Protein chains: 2
Amino acid sequence: MKEGTSETPGYCRDTEDYDVRQWDTREDCEVRQILDRIADKWSLLVIALLDRRSLRFTELRRAVDGVSQRMLARTLRQLERDGLVHRTVHAVVPPRVDYELTPLGATLHSTIRALVDWTEGHQNEIAAARAAYDIREAEERAAQEQEVARRDAVARDVLAGRR
Amino acid sequence: MKEGTSETPGYCRDTEDYDVRQWDTREDCEVRQILDRIADKWSLLVIALLDRRSLRFTELRRAVDGVSQRMLARTLRQLERDGLVHRTVHAVVPPRVDYELTPLGATLHSTIRALVDWTEGHQNEIAAARAAYDIREAEERAAQEQEVARRDAVARDVLAGRR
DNA sequence: CTGAATCCCTTCCGATACTG
DNA sequence: CAGTATCGGAAGGGATTCAG
């Protein structure tokens with residue numbers, strides 16, 4: 001089986017004796033796997049970039065900045081297979097290949113865009129939360145060590161002095 | 001440096017001579033990294049699950065179904081550090097730890113929910129697209145092989161018969 | 001230019017075992 | 001119950017090379 005195909009076990013042990021409360025647990029047989037691909041680092045960026053315009057391979061490569069040729073090619077093939085991106089090959093030399101969102105991909109775009117926008121809009125809060133967390137953790141760690149040292153001292157005193 | 005800290009280079013080469021068209025390329029110094037964490041497989045599921053209710057570690061473990069103890073613990077630590085999830089330790093025995101979304105995390109919930117809903121709502125279309133793609137690819141591959149075989153035959157004839 | 005294929009190193013992650 | 005520590009296999013992904 002070729003590399004990117006993912007053996008897709010496909011199973012879905014029958015949902016007998018299992019009350020579907022929301023979507024949470026195992027009905028994701030397929031969903032879980034799709035979500036993984038959609039929420040993939042590069043897929044996210046590519047879909048976000050392909051907004052109402054088509055871009056060629058090299059343009060995407062430059063725009064994403066950091067993606068390797070290998071990963072971009074793989075990502076695009078997957079997105080094409082999933083019917084989210086359309087690939088147009090122009091029979092010219094040098095070859096030119098354009099990528100654009102399919103109607104299905106376009107419906108995903110706004111959702112992904114929302115996610116990206118959220119991240120942009122809250123990155124400062126997250127950075128602050130991280131800083132606060134790190135400080136708290138450092139303090140706790142320090143207090144912990146002090147406590148250990150104190151106990152050590154006490155133990156030494158007891159052993160050395162009066163016993 | 002401990003495992004999950006991620007060396008966070010933090011750089012962001014100054015945005016001189018770079019027209020910010022949208023968000024696409026490199027202003028993601030920080031965003032890119034946050035997006036990666038948020039769009040993470042387990043983070044997504046955990047945040048989606050923590051809807052207006054608090055769950056304890058084991059409940060999450062069961063609900064997510066498939067996550068290892070290690071990954072769940074790591075994911076929760078990260079989410080806590082990012083200020084998206086709040087952790088409450090009850091000083092009882094056996095220990096009990098509750099997790100719930102912070103206000104910040106709650107604002108992310110709907111967005112993530114939208115992503116999950118999209119996936120659920122379009123999984124059939126994606127499955128169909130994949131099937132179609134695979135068939136097309138198989139046909140092309142078959143045609144390719146036929147062509148090769150045909151040319152082979154011709155070449156053999158030329159070499160053997162009249163030359 | 002647009003890929004596919006190979007090599008190879010790094011990171012991820014699950015299984016297991018051990019604390020509080 | 002709620003973790004942390006360690007280890008080994010598996011997967012991810014970059015650099016390079018070759019082809020159309």
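All values derive from a computational prediction rather than experimental measurement. FYI, side chains are in, hydrogens and waters are out, and symmetry mates aren't considered; it's all heavy atoms of this structure.
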field: Joint hydrophobic cluster, A:Leu76 plus A:Val89, side-chain heavy atoms closer than 4.5 Å
entry: yes

How close or far is atom [atom2] of [N] from atom [atom1] of [X], stated in whole angstroms?
{"X": "B:Arg62", "N": "D:dC1", "atom1": "CZ", "atom2": "P", "answer": "8 Å"}
{"X": "A:Glu59", "N": "C:dG3", "atom1": "CD", "atom2": "C1'", "answer": "17 Å"}
{"X": "B:Asp98", "N": "D:dA2", "atom1": "CG", "atom2": "P", "answer": "8 Å"}
{"X": "A:Arg96", "N": "C:dG3", "atom1": "CZ", "atom2": "C1'", "answer": "16 Å"}
{"X": "A:Glu137", "N": "D:dG3", "atom1": "CD", "atom2": "P", "answer": "14 Å"}
{"X": "B:His90", "N": "D:dC1", "atom1": "NE2", "atom2": "C1'", "answer": "12 Å"}
{"X": "A:Leu55", "N": "C:dC1", "atom1": "CG", "atom2": "P", "answer": "15 Å"}
{"X": "A:Gln78", "N": "D:dA11", "atom1": "CD", "atom2": "C1'", "answer": "13 Å"}

query: Considering only side-chain heavy atoms of A:Pro94, which listed nucleotide, D:dC1, C:dC1, C:dG3, is closest?
result: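 Per side-chain heavy atoms of A:Pro94, the pick is C:dC1.
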
Verify the contact: side-chain N or O of [X] to OP1 or OP2 of [N], cut-off strictly under 4.0 Å; return yes or no.
{"X": "A:Arg74", "N": "C:dA4", "result": "no"}
{"X": "A:Tyr99", "N": "C:dC1", "result": "no"}
{"X": "B:Arg56", "N": "D:dA2", "result": "yes"}

- prompt: Within the structure shown, what part of the strands sits under 4.0 Å from A:Arg61 by heavy-atom distance: base, sugar-phosphate, or nothing?
  reply: nothing

Tell me, do [X] and [Y] make a side-chain contact under 4.5 Å, heavy atoms counted?
{"X": "B:Tyr133", "Y": "A:Arg77", "result": "yes"}
{"X": "B:Leu45", "Y": "B:Val67", "result": "no"}
{"X": "B:Val97", "Y": "B:Arg56", "result": "no"}
{"X": "B:Lys41", "Y": "B:Val46", "result": "no"}

If you look only at distance, which donor and acceptor atoms sit under 3.5 Å apart when one is on a side chain in residues 101-112 of chain A and the other is two or more places apart or in another chain?
residue  : atom : partner  : partner atom : Å
A:Thr102 : OG1  : A:Gly83  : O            : 2.6
A:Thr102 : OG1  : A:Leu84  : O            : 3.2
A:Thr102 : OG1  : A:Leu104 : N            : 3.4
A:Thr102 : OG1  : A:Gly105 : N            : 3.0
A:Thr107 : OG1  : A:Leu104 : O            : 2.6
A:Thr107 : OG1  : B:Trp118 : NE1          : 2.9
A:His109 : ND1  : A:Ile47  : O            : 3.0
A:His109 : NE2  : A:Asp51  : OD1          : 3.3

- request: Going 5' to 3' through nucleotides 14-20 of chain D, assign each nucleotide B (protein heavy atom under 4.0 Å from a base atom), S (under 4.0 Å only from sugar-phosphate atoms) or - (no protein heavy atom that close).
  value: BB----B

field: salt bridge (Lys or Arg N to Asp or Glu O under 4.0 Å) pairs, two or more places apart, involving residues 97-107 of chain B
entry: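 Pairs touching residues 97-107 of chain B that pass the test: B:Arg96-B:Asp98.
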
